[in-house]
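Structure first, commentary second.
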Amino acid sequence: MQFEVWAPQAGRVTLQCDGVTRALERDPERAGWWRGEADARDGSRYGFALDDGPVRPDPRSRRQPDGPDGLSAVVDHERYEWRAQWRGRPLPGAVLYELHVGTYTREGTLDAAAERLGHLAELGVTHVQLMPLCPFPGTHGWGYEGVSLWAVHEPYGGPEALKRFVDRAHELGLGVVLDVVHNHFGPSGNYLPVFGPYLTDRHHTPWGAAVNLDAPGSDEVRAFLIGSALAWLRDYRIDGLRLDAVHALVDTRALHFLEELSTAVDALAAEVDRPLFLVAESDLNDPRLITSRDKGGLGLHAQWNDDFHHALHTTLTGESQGYYADFARAPLAGLAKTLTGGYFHDGTYSSFRERHHGRPLDRTRVAGHRLVGYSQTHDQVGNRAQGDRLSALVSPGLLACAATLVLTAPFTPMLFMGEEWAAGTPWQFFTDHTDPELADAVRRGRRREFAAHGWKEEDVPDPQDPATRDRSCLDWSEPEREPHARVLAWHRQLLALRHEQPDLTDPDLADAKVGYDEERRWIAFRRGDVLVAVNLAREPAALSLGVPHARVLAAWEPVETPGADGVVHVPGESGVVLLQE
């Protein structure tokens, strides 16, 4: 078997494979690369030593059986026999469901999560979006401190378990999206800097030195990241990738890393003859990110739309701290702006940032499905001091209003696991760092962060306490009880309508027409022949639809068919979807 590694600064590289050490030779055709042959098979343990130093795991390791610090293991991807005949599911018309493997079930494994995929197929979502799976220290964590970007966290079940999960999802007609982190590497178990200039001090990020995308040696670092991305899509038959915090990818080169990545993914999609897509998390409000390359953009297929979330959350809860301050002055106006223009900050002044932010999105060039809309995510729940979900903040009626807006908006909708039944469990920030100093630093940092906002230290959960993770696991008995069962039924009904009514997946953002009343707390919008009305006040509201005939498709509380005057009477804290006839 051929082994190779990029170690441009090493004078000598040896391979240790199944206890046998061999010297590698320089690759005459690729500067900085070393290569050599060794007897190996699936499961063989190996690592590399530079200049007679300690044996380290392979930067491109496909498996870390003993965690980030252990030896790598050979993975023969051809051994797995795929069951599903899968042609893929494209992003247009999709509904995403964000899932954290470690808390979706109490067992916290991919196999246990796969057993619950029938629930999602019945719910009506189209794609499961897995939070990061790369190895990290310990057993439980969010996954954003991962290392070994080509491997699967062993406590989740390793590579074979991921293939079983994807296979089962595809059998049920569900696509699979994977969250990947290219903007930083985890602080523990990260040996990449030993091998080469994977980091650069030319730029800095919230996590320290930046990933090297534009300094000397960056060609290989970019190839490393792109190779990892393509491996998930090819070897595991993943359907799309969610790219974490792309605003932290500092790249001054003329060909931006994201454009290079999107080009490579589109080429792979053509090669394997199935749709593949990239969804970015971005704080930039820059439409060039999701504009096609032939029109001067970077060519990513979609991005998370935090502006829609912030406007919706502020409307529902009245919260005005932090970045919510920009939306709190007129939350329904902000919500209406996002429903028609995509971004709220499109060059406007942001009081939170103390500067102008964003630029306008051209609705004739950017389809609505390129923006992902949601009322909850792992970030927006887990980064609250106590990880309280929206269900802990508002009534079931307002949760129904939120679902109505998310699932009928002109965006690609996304749900966060458990949201569909108003889960009563929190989702808190938890870690399992094996380094005592790092564990203590994370604990103190978390408490210091929220102390600045008035929280008492004892009220902020300890990330390292196993009970914090345990509290965050979904309770699968809840969907059978009220009010959870009713909220779940409402989500199912709305998702069925989304799939039945073509107007609800129309990609034309300019076609959405919105009206609202800030004081009376109602908002209504029209998408083709579908009309949506949401009353957030406790008192009933009489809304003029402007059409003489419409029938009710779905209503959280009973709603009578509008009369000839086109007026619909919407009960308090309720939403209704109608069809013009």
How about [X] and [Y]: does a side-chain donor come under 3.5 Å of a side-chain acceptor?
| X | Y | value |
| --- | --- | --- |
| Glu98 | Tyr374 | no |
| Asp167 | Tyr80 | yes |
| Ser292 | Asp294 | yes |
| Asp283 | His345 | no |
| Asp326 | Ser350 | yes |
| Gln303 | Ser282 | no |
| Glu560 | His569 | no |

Quick check: closest heavy atoms across [X] and [Y], and the distance to 0.1 Å?
| X | Y | answer |
| --- | --- | --- |
| Leu371 | Gly342 | CD1-CA, 3.5 Å |
| Ala229 | His182 | CB-CE1, 4.3 Å |
| Asp239 | Gly88 | OD1-CA, 4.1 Å |
| Ala400 | Trp490 | O-NE1, 3.2 Å |

Do the two ring centres, one from [X] and one from [Y], sit under 6.0 Å apart?
| X | Y | value |
| --- | --- | --- |
| His153 | Phe136 | yes |
| Phe277 | His127 | yes |
| His100 | Phe430 | yes |
| His170 | Trp82 | no |
| His310 | Phe344 | no |

>> What verdict does the salt bridge (charged side-chain N to carboxylate O under 4.0 Å, His left out) test give for Arg527 and Asp506, after you've listed the backbone C-alpha separation in whole Å, the side-chain angles of each residue and the deciding distance to 0.1 Å?
In response: CA-CA 8 Å; Arg527 302 190 58 207; Asp506 184 345; 5.8 Å; no
So for atom [atom1], which belongs to [X], do other residues, nucleotides or ligands contribute more than 12 heavy atoms lying within a distance under 6.0 Å?
| X | atom1 | value |
| --- | --- | --- |
| Arg293 | CZ | yes |
| His549 | NE2 | no |
| Glu482 | CD | yes |
| Gln85 | CD | no |
| Glu81 | CD | no |

> So His119 and Trp421, would you call those rings parallel, tilted or perpendicular, with 30° and 60° as cut-offs?
Replying inline: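 Ring orientation of His119 relative to Trp421: perpendicular.
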> For the residue pair His309 and Tyr324, does the interplanar ring angle fall in the parallel (under 30°), tilted (30 to 60°) or perpendicular (over 60°) class?
Replying inline: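 Taking Tyr324 first and then His309, their aromatic rings sit tilted (interplane angle of 30° to 60°).
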>> Restricting to salt bridge (Lys or Arg N to Asp or Glu O under 4.0 Å), what partner residues turn up for Glu107, sequence neighbours left out?
In response: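 With neighbours one apart ignored, the set is empty.
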> By salt bridge (Lys or Arg N to Asp or Glu O under 4.0 Å), which residues pair with Asp565, not counting sequence neighbours?
Replying inline: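 Here no residue qualifies.
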> So among Arg359, Arg363, Lys337, which one has a salt bridge (Lys or Arg N to Asp or Glu O under 4.0 Å) with Asp346?
Replying inline: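 Single pass found, and it is Lys337.
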>> Do Arg237 and Trp86 form a cation-pi contact, if we require the NZ or CZ to be under 6.0 Å from the six-membered ring centre and within 45 degrees of the ring's axis?
In response: no
> Taking the six-membered ring of Trp304, is the NZ or CZ of Arg242 close enough (under 6.0 Å from the centre) and on axis enough (within 45°)?
Replying inline: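 Checked: cation-pi criterion met.
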>> So if I apply the ring-ring contact (aromatic ring centres under 6.0 Å, His included) rule between His378 and each of Phe416, Tyr104, Tyr144, Tyr97, which one comes out positive?
In response: Tyr144
For the residue pair [X] and [Y], establish whether any side-chain heavy-atom pair is separated by less than 4.5 Å.
| X | Y | value |
| --- | --- | --- |
| Ile238 | Val166 | yes |
| Leu393 | Arg384 | yes |
| Pro410 | Leu339 | yes |

> Would a distance-only check, ignoring hydrogens and angles, find a side-chain to backbone donor-acceptor pair under 3.5 Å from Asp179 to Gln129?
Replying inline: no
